[in-house]
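First up is the structure itself, then whatever we jot down about it.
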Amino acid sequence: MSTASQRCHDYPHLVRRWRRLAKSAGIEFKPFARAAGFDVFFASTPALTLTSGVYISAGIHGDEPGSTEALITWAEAHANELKKLPLFLFPCLNPHGLSLNTRVNEDGIDLNRAFHRDDVPVIAAVREVLRPHQFTLSLNLHEDYDGQGIYLYEVQREKPYWGEALIKVGAQHLPVDQRYRIDISTSRNGVIRRRFNSARYRKLGGLPEAVYLQHNHARRAITVETPSEFDLASRTAALGAIISESVRLAVNLDGAR
Ligand SMILES: [Zn+2]
């Protein structure tokens, strides 16, 4: 195993990388909640306004370490330009899960099915931190252990859609998942496009982060899934390429408004 894959479940190490980066890049990195004895952080850049920008969230499921690793690796690689990009980041929403390589948090709760709940402190704190913000894009980073390649969910709302362009850059590093049925959805070349449907989320068993963002804080919402059984370097590179392209598209769109 590479050094990165040995350390990708080491939350204190991840926090040290973010602290170092925030200092050198001139961005904010701040604790906003405690969970299982860990501080939980957000990062934001000086270029972020309350009415636009890109929201990126990683590590809500602790057994998907490609997400947290990709976000810090991408941010480190773009340290010189980071403060000029409008970004709001959750580097890891589930430190306990990441540390133990489990999907759920310290109370056995799937945080990505808990955005309707008032009794989960980290979710309440997330909602509070997000309250004043409207984003151009919400990008949620996930991994799928059944995944046979990269794929994404894009909410069917504002056009032009970005899903195909994002899959294209990700496909430089990973195969595209060619399954037609994924979970409870229909996929075409790695893109699952759907409208919001409350029955679907009742079926899932609770409100996911992406749907909460889409309803309350974001014009566009995209959830990317990398295959967690593939090697970490490829997953990190694919997600990094997708983050770059997402930010580029969002900044262009904001510039055109
Ligand atoms: Zn996930």
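In each ligand, atom 1 is the first atom listed, and ligand 1 is the first ligand listed.
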> Does a donor on one side chain and an acceptor on the other come within less than 3.5 Å for H61 and D110?
Replying inline: yes
>> Test of geometry: compute the angle OE2(E64)-the Zn ion (ligand 1)-ND1(H61) and round it to 10°.
In response: 90°
>> So, using salt bridge (Lys or Arg N to Asp or Glu O under 4.0 Å) as the criterion, who are the partners of E209 when residues are at least two apart?
In response: none
>> Out of the candidates Q214, E158, Q134, only one should pair with R219 under the side chain to side chain donor-acceptor pair (under 3.5 Å) rule; please name it.
In response: E158
>> I'd like to know if the side chain of D144 pairs up with that of Y151 as donor and acceptor (distance under 3.5 Å, no hydrogens or angles considered).
In response: yes
>> Suppose we only count N/O/S atoms under 2.8 Å; would D144 qualify as near the Zn ion (ligand 1)?
In response: no
> By atom name, which N, O or S atom belonging to H142 lies closest to the Zn ion (ligand 1)?
Replying inline: ND1
